Amino acid sequence: MTPTHDVVIIGSGAAGGMAAWNLTRQGMKVLVLDAGTKFPREQFWSHVKPWQAQERIAEGRKPPQFYIDLKTAPYRTPKDQPFDLARVWGRGGKTNIWGRVSLRYSDLDFAGAEKDGWEIPWPIRYKDVAPYYDKVDQLIGVCGGDDDQDSLPGSRFHLPAPKPRCGERLLQKAAKNLGISIVAGRRAVLTKPHNGRAACHYCGACGKGCDIGAFFNSSDYLLEPAFKSGRLRIIDNAVVARVLTDSEGRASGVQYFDRFTKKEQQVKARVVIVAASCIDSTRILLNSKSKQHPNGIGNSSDVIGRYLSEQVRLHMFGFVPDLLGAPVRNDDGIGGEHVYLPRFNHRDGRKRDYLRGFGMQFWGCGATDNAGWAKEISGFGAGFKTAVKKRYPSLVALHPYGEVLPYADNRITVDDSDLDSYGIPISRIAFKYRENERKMMTEMYETAASILKEAKAEILPYDPAFMGMPGQAIHEHSTCRMGADPKRSALNGFCQMHDVKNVFVVDGAAFTTASEKNPTLTILALAWRATDYLAGEMKAKRL
Amino acid sequence: MNPTRRDALVTIAALATTASAEAQQTPFLTTPELAWLSAFVDVMIPRTDTPGASDAGVPTFIDRRLAANPALAESFRAGRKALDEDAKAKFGAPFPSLTLAQQTELLTPMEKDPFFRMMKGLTIDGYYTSRAGLTQELGWHGNTFLMEFPGCDHPEHQA
């Protein structure tokens with residue numbers, strides 16, 4: 001007989017890492033199953049210049065391969081509904097290379113559905129999550145401003161905000177003229193030493209993984225401290241297939257396959273925490289069928305798999321006249337934008353023909369390590385070369401992100417006839433944008449263009465009908481949503497299944513709505529809150 | 001232009017994957033093909049007071065891309081043939097042998113042509129990620145170690 005663990009956690013990203021850290025420090029014995037292994041920090045190519053990377057690759061060398069390939073981890077979409085799913089197998093998951101934008105949700109997000117009547121509101125409010133946002137900010141280190149708005153709560157615990165780049169300043173000024181405020185961004189980057197970790201050195205290469213760990217990643221910030229407790233064990237290369245149940249339909253453990261040998265294994269647990277990222281968590285739940293759970297574990301409501309909400313976004317570029325031909329500066333900073341445009345469309349009294357809202361990011365303003373945009377500058381030859389050089393320091397980039405409403409038939413399903421190489425049914429993802437997203441997108445394009453026009457920028461050609469490729473925000477949510485009514489939701493406000501009390505789902509799948517904001521900070525806060533509750537329930541012997 | 005967030009994150013990883021991380025010791029293209037390619041990319045981005053595309057190693061960059069992508073290599077060979085035929089029909093010699101004025105006359109109406117766009121795109125990708133293109137031409141001096149990030153200090157840029 002294998003030993004029974006207090007808690008088995010599936011996945012080690014932001015959600016699973018937080019659960020492991022918080023439970024081990026409260027005395028629980030925890031087993032984490034991760035589908036990959038650790039990404040060695042010394043192998044990151046953080047300081048490899050673009051031309052050096054090309055030479056290394058020609059020599060047959062490889063940087064860490066963060067994204068799992070489709071052969072190992074296939075999924076299917078209908079022909080006319082592509083969905084570009086990005087997943088990372090390995091300790092820390094996507095936090096190794098995440099965008100680090102760390103925005104608190106507000107009650108505009110948590111209670112949005114109360115106001116407009118579209119689907120259900122969250123069972124929790126900002127006041128429930130705020131103490132956990134405070135704790136997460138202090139634990140991981142988030143830089144930002146104190147310039148709160150109703151749509152973007154601030155924090156007393158922000159590290160200093162980095163100074164904006166010239167292009168960001170000019171956009172801020174232009175937006176202000178239009179009555180739209182652009183505030184300090186909030187990002188999980190250490191702008192000063194924090195909790196014994198070194199500060200960012202402004203190399204701008206965060207997307208390749210940080211060689212010194214100056215931004216939050218679950219492996220270094222959560223799993224490593226949890227190991228020190230002596231109560232954490234991780235099984236690497238464990239590809240989880242199902243949550244197992246006992247004769248009463250309660251979770252009893254987890255079935256997984258070794259990634260390479262494909263040998264089946266089972267582990268027993270008193271509590272199972274599912275944190276494999278939204279779509280893979282959902283797939284595991286739907287595949288966990290039994291007599292008590294013919295529709296997948298905890299799915300008597302039939303909401304699991306439904307309401308898949310990503311975000312809709314666009315990218316617009318321009319060249320601001322004040323910086324044309326200006327001396328080139330090092331614009332790397334903390335790797336992403338230093339400013340953020342919070343949602344404003346609820347505030348100006350204008351009546352919209354769509355629900356919910358959008359915010360805007362600005363990564364890529366100024367001098368960067370390529371000039372891919374030059375493909376849109378006409379001509380060739382010496383004149384072209386001069387035109388590119390002149391524009392190079394003046395590039396500004398606008399990236400609005402909008403909420404996608406939850407729709408019951410934007411959904412993930414599994415089918416016993418469609419299996420991966422482990423013999424597990426794969427995810428079928430059917431997702432599309434609807435009228436609400438198209439209407440919101442129109443205003444997103446108009447807003448971005450109006451800021452550029454106000455800044456007197458030359459705007460790079462764009463197609464206002466282009467909706468983007470679903471999945472590429474890498475913000476999947478809501479396929480195992482929390483809610484007050486067990487008939488319309490799978491989880492309570494503590495990420496605990498209504499149907500199966502010893503199963504918790506703590507990643508983006510638990511979100512009731514997507515909002516326009518980046519989800520990781522909220523995943524960390526909710527996973528911390530859920531596992532505080534779980535620990536209390538276990539100590540009180542209710543679990 | 002609609003790059004994805006992942007473009008920024010995985011360009012290098014993708015390169016490594018498509019090249020199947022096999023060391024590429026010898027050129028993929030033939031010597032005459034490489035000579036043709038050098039002539040073409042130098043029309044796109046010529047040597048001025050800074051290096052041109054072939055000075056910056058763009059032919060090697062494109063050679064590696066073509067080696068990793070058979071469809072792209074096929075498009076290159078077909079496009080080269082077609083352009084040389086046009087050059088011969090109009091000026092009596094293949095593209096590399098023409099004067100710059102003739103090459104310019106031939107390419108100017110091709111702004112929307114798929115072969116032209118592909119080759120211009122590859123030249124831009126190669127040149128503006130090369131040491132010469134990024135540091136000498138554009139003046140990029142990033143991806144380094146700074147104690148502090150100065151940010152914008154122009155009073156006229158403040159909101």
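Note on naming: letters A, B, ... go to the chains in the order of the sequence lines (proteins, then strands), and numbering restarts at 1 for each one. Keep in mind that what you see is a predicted model, and the values were worked out from it rather than measured.
- In this structure, chain B has a heavy atom under 4.5 Å from the side chain of A/Lys176, while its backbone stays farther away.
- In this pair, A/His47 and B/Phe145 present their aromatic rings parallel. The plane angle is below 30°, not in the 30 to 60° band.
- Contact of B/Asp42 with chain A is not made at all, since no heavy-atom distance falls under 4.5 Å.
- Between the CD atom of A/Gln54 and the CZ atom of B/Arg64 there is a distance of 7.0 Å, given to the nearest 0.5 Å.
- Here A/Cys166 is the residue among A/Pro393, A/Pro162, A/Cys166 with the most heavy-atom pairs under 4.5 Å with chain B.
- Taking 4.5 Å as the limit, some side-chain heavy atom of A/Phe380 sits within range of a side-chain heavy atom of B/Thr104.
- With a 4.5 angstrom heavy-atom cutoff, B/Arg117 touches chain A only via side-chain atoms.
- Heavy atoms closer than 4.5 Å to chain B are found in the backbone of A/Ser46, but not in its side chain.
- More than 12 non-hydrogen atoms from other residues, nucleotides or ligands lie less than 6.0 angstrom from CD of A/Glu458.
- Nearest heavy atom pair, residue A/Asn330 against residue B/His141, reads N-NE2, 3.4 Å.
- The OG atom of A/Ser378 lies 9.5 Å from the NZ atom of B/Lys112; values are rounded to the nearest 0.5 Å.
- When all heavy atoms of A/Lys173 and B/His157 are compared, the closest pair comes out as CD-O, 4.0 Å.
- Annotation: B/Arg47, atom CZ; neighbour count of heavy atoms from other residues, nucleotides and ligands within 6.0 Å does not exceed 12.
- With a 4.5 Å cut-off on non-hydrogen atoms, B/Ser130 touches chain A through its backbone but not through its side chain.
- Proximity to chain A (any heavy atom under 4.5 Å) is shown, for B/Thr60, by neither the backbone nor the side chain.
- Among the candidates A/Glu168, A/Glu55, A/Gln172, the residue making the largest number of heavy-atom pairs closer than 4.5 Å to chain B is A/Glu55.
- Proximity to chain A (any heavy atom under 4.5 Å) is shown, for B/Thr50, by both the backbone and the side chain.
- Interface residue B/Glu111: only side-chain heavy atoms are found under 4.5 Å from chain A.
- No side-chain N or O of B/Thr129 forms a donor-acceptor pair with one of A/Lys49 less than 3.5 Å apart.
- Across all non-hydrogen atoms, the minimal contact from B/Phe149 to A/Gly333 is CE1-N, 3.3 Å.
- For the set A/His399, A/Arg169, A/His338, the count of heavy-atom pairs under 4.5 angstrom toward chain B peaks at A/Arg169.
- Within the 4.5 angstrom heavy-atom criterion, only backbone atoms of A/Ile377 (N, CA, C, O) approach chain B.
- Shortest non-hydrogen contact noted between B/Tyr127 and A/Lys385 is OH-CE, 3.5 Å.
- Under the 4.5 Å side-chain criterion, counting only non-hydrogen atoms from C-beta, A/Tyr392 is in contact with B/Leu134.
- Taking every heavy atom of both residues into account, A/Phe384 and B/Met44 meet most closely at CD2-O, 4.2 Å.
- With values rounded to the nearest 0.5 angstrom, A/Asp332 atom CG is found 8.5 Å from B/Thr144 atom OG1.
- Contact count against chain B (heavy-atom pairs under 4.5 Å) is highest for A/Asp369 among A/Asp369, A/Thr368, A/Asn177.
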Q. Going through the distances and angles, do B/Lys120 and A/Lys375 end up as a side-chain contact (heavy atoms from CB on, under 4.5 Å)?
A. CA-CA 7 Å; B/Lys120 179 174 166 179; A/Lys375 294 168 197 174; 5.7 Å; no
Q.
Go through it in stages, so that I can follow the logic: the residues are B/Asp153 and A/Arg329, the test is salt bridge (charged side-chain N to carboxylate O under 4.0 Å, His left out), and I'd like the CA-CA distance, side-chain angles, deciding distance and then a yes or no.
A. CA-CA 11 Å; B/Asp153 46 15; A/Arg329 303 165 70 98; 3.4 Å; yes
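- In this structure, B/Ile124 and A/Gly372 approach most closely via the heavy-atom pair CG2-CA, 4.5 Å.
- Annotation for B/Arg131: atom CZ does not count as buried by contact number, only 12 or fewer foreign heavy atoms lying within 6.0 Å.
- Within 6.0 Å of NZ in A/Lys389 there are more than 12 heavy atoms belonging to other residues, nucleotides or ligands.
- Looking at A/Tyr202 and B/Asn143, their side chains never come closer than 4.5 Å, going by heavy atoms from C-beta outward.
- Distance check: A/Asp322 CG to B/His154 NE2 gives 9.5 Å after rounding to the nearest 0.5 Å.
- Two residues are said to be in side-chain contact when any heavy atoms from C-beta on lie closer than 4.5 Å; A/Pro50 and B/Trp140 meet this criterion.
- Of the atoms belonging to A/Leu323, it is side-chain heavy atoms, and not backbone ones, that fall under 4.5 Å from chain B.
- Looking at B/Leu107, the atoms closer than 4.5 Å to chain A (heavy atoms on both sides) sit in the backbone and in the side chain alike.
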